[in-house]
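Convention: sequence-line order gives letters A, B, ...; per-chain numbering from 1. Scope of the values below: all heavy atoms of this structure, side chains included, with no hydrogens, waters or symmetry mates. In this text, all values refer to a predicted model and were calculated from it rather than measured experimentally.
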Number of protein chains: 2
Amino acid sequence: MNLTSVAPLMTERYRSTPELVAEVVREAILRGLLKGGEQLRQDEVAAQLGVSRIPVREGLRQLEAEGLVKFLPRRGVLVSSLSADEVQEIYEMRIPLECTALRLALPHVTDADVRRAEEILDAIDRETDLGRWGHLNDEFHAGLYVLANRPRLLALIKNLRANVGRYLRIYISLLHHKPRSQEEHRMILDAVRRHDVPAALAALERHLDVACRGLVTYLSQERDARTERSGLARSR
Amino acid sequence: MNLTSVAPLMTERYRSTPELVAEVVREAILRGLLKGGEQLRQDEVAAQLGVSRIPVREGLRQLEAEGLVKFLPRRGVLVSSLSADEVQEIYEMRIPLECTALRLALPHVTDADVRRAEEILDAIDRETDLGRWGHLNDEFHAGLYVLANRPRLLALIKNLRANVGRYLRIYISLLHHKPRSQEEHRMILDAVRRHDVPAALAALERHLDVACRGLVTYLSQERDARTERSGLARSR
DNA sequence: CGGCGGATACTCGTATACGATATGTAAATA
DNA sequence: TATTTACATATCGTATACGAGTATCCGCCG
């Protein structure tokens, strides 16, 4: 495990050390540097960030609450991994929540907001790096939702998005899904521009539903493949 | 601050000490033993539970993630308090989430489940203690939602309910709202018994909406009254 | 008499240290 | 040779300890 590539975050001043730990480890999980199921050794994280294990443990407790890691009694902290079912469940929450956010945001959307969103979509078209793609994707959605002026709703959506984020990135890259995703983004934005609430919500729901189905199918196949392999290995 | 009245929880064996701390403090906040804005002295909590501050801090970090307390840098932990706006926002999340849970639960509802729910409603009718009323109320709703078999959704709803729970209890007792709440519960349960999805969702949404409006009105008046008082005090 | 500055005492945040438990390895036995 | 048991090692969980920042109280000045 090597967190030095995300360590630049350290130079910024954070509210607190546990928050810094949470930020660094969260980013590492999102970028796929830390795989699901992997054990996090607290000493190692502490050493890499130049702090003791106490703030590390507190930061990890926050990530536990976010669902990104799991404390196993006396056996340390594991990076969570999501099954196809769990991904589906998260989307079942995201769809009504993100639709609520978009619905509440729509009355406040200005031309400048639409232009900013367009710029993000153009940037996504040009982007090749997966990590930055993920952030831009989040920015597009959050840029709309933030206009709803509902900080808790926004934070919750952000958290749910973070949970499926690492799988979404694999899926987008492996299935070359970017053009389709961008088409859907522009459908949403067109409806938003016209302040057409039903169309915008329908487009957003479709967008999320497509991603959900794709992800679930992909993860189910993944699991079947793994089961198959281990079955073969056992039967050798 | 005195947590001994909730300390009986200590006798049970918990997965971990931080979880025990979170449980005890959460319950104290919910019961109104700890008021919003109140500072939690870590030494004191630690002493009352017979542990050191490290597991206490970890437990409080979990409550922070749940939104029940807030870490202020170098100034310790405060019990959060919700404004009318924040309560409204939480209900704006609860309504779509709880409707989703109920919708997914409905196909799996059996006669036995309905009977169990009826028993809880009868118990609520007989209940006079506010703390137990809160738990029974949660049990009625959770008892239906759990049938959806969506653990994350259930946990999220539980957390949102916990956040408004303390205000709801005040509101219910002060405004003698129990009979109306029970009427609404029975409306929901009747629709559930008939497996009438639209009716059940509409009844649930009404139930939540009524509580939301009542709470928001109550909290706004509260705040106005406080502002008025402090204004008078200042003008003296 | 009220506002301000400094010293004291708290409380917080975290590094260190230690006991306890899980894991891996090697030896012993069936 | 496979399986089990005992031991060594590593990691965890938390108590203790200490430095640092913050609030409080008292004396001083206006």
Side-chain angles (χ1 to χ4, degrees), chain A residues 1-3 7 9-25 28 34-35 37-65 68-80 233-236, chain B residues 1-3 7 9-25 28 34-35 37-65 68-80 233-236:
Chain A
M1 185 208 59
N2 189 332
L3 298 177
L9 290 165
M10 271 188 61
T11 57
E12 302 174 36
R13 280 292 172 276
Y14 271 81
R15 264 200 338 135
S16 68
T17 313
E19 203 162 321
L20 163 68
V21 173
E23 180 69 25
V24 170
V25 177
L34 299 171
K35 313 279 184 196
E38 183 170 338
Q39 180 174 4
L40 278 173
R41 241 128 345 123
Q42 302 171 5
D43 289 330
E44 213 172 321
V45 176
Q48 293 210 22
L49 299 180
V51 296
S52 83
R53 274 166 44 217
I54 276 89
V56 169
R57 288 179 57 85
E58 289 184 25
L60 292 176
R61 285 284 177 195
Q62 174 164 352
L63 292 187
E64 182 190 33
L68 292 175
V69 304
K70 236 180 124 157
F71 275 71
L72 270 72
R74 284 277 163 203
R75 292 202 308 177
V77 177
L78 296 189
V79 178
S80 320
R234 220 178 293 122
S235 68
R236 247 186 235 147
Chain B
M1 186 207 59
N2 189 332
L3 299 176
L9 290 164
M10 270 188 64
T11 57
E12 301 174 36
R13 280 292 172 276
Y14 271 82
R15 267 201 334 136
S16 68
T17 313
E19 205 163 318
L20 162 69
V21 173
E23 181 70 25
V24 171
V25 176
L34 299 171
K35 313 279 184 195
E38 185 171 338
Q39 180 174 1
L40 280 173
R41 232 100 28 100
Q42 301 171 8
D43 289 330
E44 214 173 319
V45 177
Q48 293 210 21
L49 299 178
V51 297
S52 82
R53 275 166 43 213
I54 277 90
V56 169
R57 287 179 58 85
E58 288 184 24
L60 292 176
R61 285 285 177 194
Q62 174 164 351
L63 293 187
E64 181 189 33
L68 293 175
V69 304
K70 237 179 122 157
F71 276 71
L72 270 71
R74 284 274 164 208
R75 294 202 312 179
V77 177
L78 296 189
V79 178
S80 320
R234 221 179 292 121
S235 68
R236 247 186 234 145

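The distance from the CD atom of A/Gln62 to the CD atom of A/Glu19 is 6.5 Å, given to the nearest 0.5 Å. Here the straight-line distance linking atom CD1 of B/Ile54 with atom CD1 of A/Ile54 works out to 5.0 Å at 0.5 Å rounding. For the atom pair CZ (B/Arg61) and OG (A/Ser16), the distance works out to 5.0 Å, reported to the nearest 0.5 Å. Interatomic distance, A/Arg15 CZ to B/Phe71 CZ, rounded to the nearest 0.5 Å: 9.5 Å.
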Measure all distances between protein nitrogen or oxygen atoms and nitrogen or oxygen atoms of nucleotides 20-24 of chain C, and list the pairs falling under 3.5 Å.
{"from": "C/dT23", "atom 1": "OP1", "to": "A/Arg75", "atom 2": "NH1", "distance (Å)": "3.0"}

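Atom CG in B/Leu72 sits about 17 Å away from atom P in D/dG21, given to the nearest Å. Distance CG (B/Leu40) to P (C/dT11): 13 Å, rounded to an integer number of Å. Between the C1' atom of D/dT16 and the CZ atom of A/Arg53 lies a distance of 14 Å, rounded to the nearest Å. Atoms CD (A/Glu44) and C1' (D/dA10) sit 13 Å apart, rounded to a whole Å. For the pair A/Gln39 CD and D/dT11 C1', the computed distance is 8 Å after rounding to whole Å. Atoms CZ (B/Phe71) and C1' (D/dT22) sit 17 Å apart, rounded to a whole Å. Between the CD atom of B/Gln42 and the P atom of D/dT16 there is a distance of 16 Å, given to the nearest Å. Distance CG (B/Leu49) to C1' (D/dA15): 15 Å, rounded to an integer number of Å.
The listed nucleotides are C/dT14, D/dC12, D/dA15; the one nearest the side chain of B/Ser52 is D/dA15. Of the candidate nucleotides C/dT11, D/dA15, D/dC12, D/dA15 has the atom nearest to the side chain of B/Val51. Considering only side-chain atoms of A/Thr17, the nucleotide from D/dA15, D/dG13, C/dT14 that sits closest is C/dT14.
In this structure the side chain of A/Glu58 never reaches within 4.5 angstrom of the side chain of A/Val21, judged on heavy atoms. Between B/Glu44 and B/Gln48, some side-chain heavy-atom pair lies under the 4.5 Å cut-off. Looking at heavy atoms from C-beta onward, B/Glu38 lies out of side-chain contact with B/Leu40 at the 4.5 angstrom threshold. Residues A/Glu64 and A/Leu60 have side chains not in contact (no heavy-atom distance under 4.5 Å, counting atoms from C-beta outward).
Of the residues in residues 54-61 of chain B, those lying under 4.0 Å from DNA chain D by heavy-atom distance are B/Ile54, B/Pro55.
In plain terms, the two heavy atoms of A/Pro55 and A/Thr17 that are nearest each other are CB-CG2, 3.8 Å.
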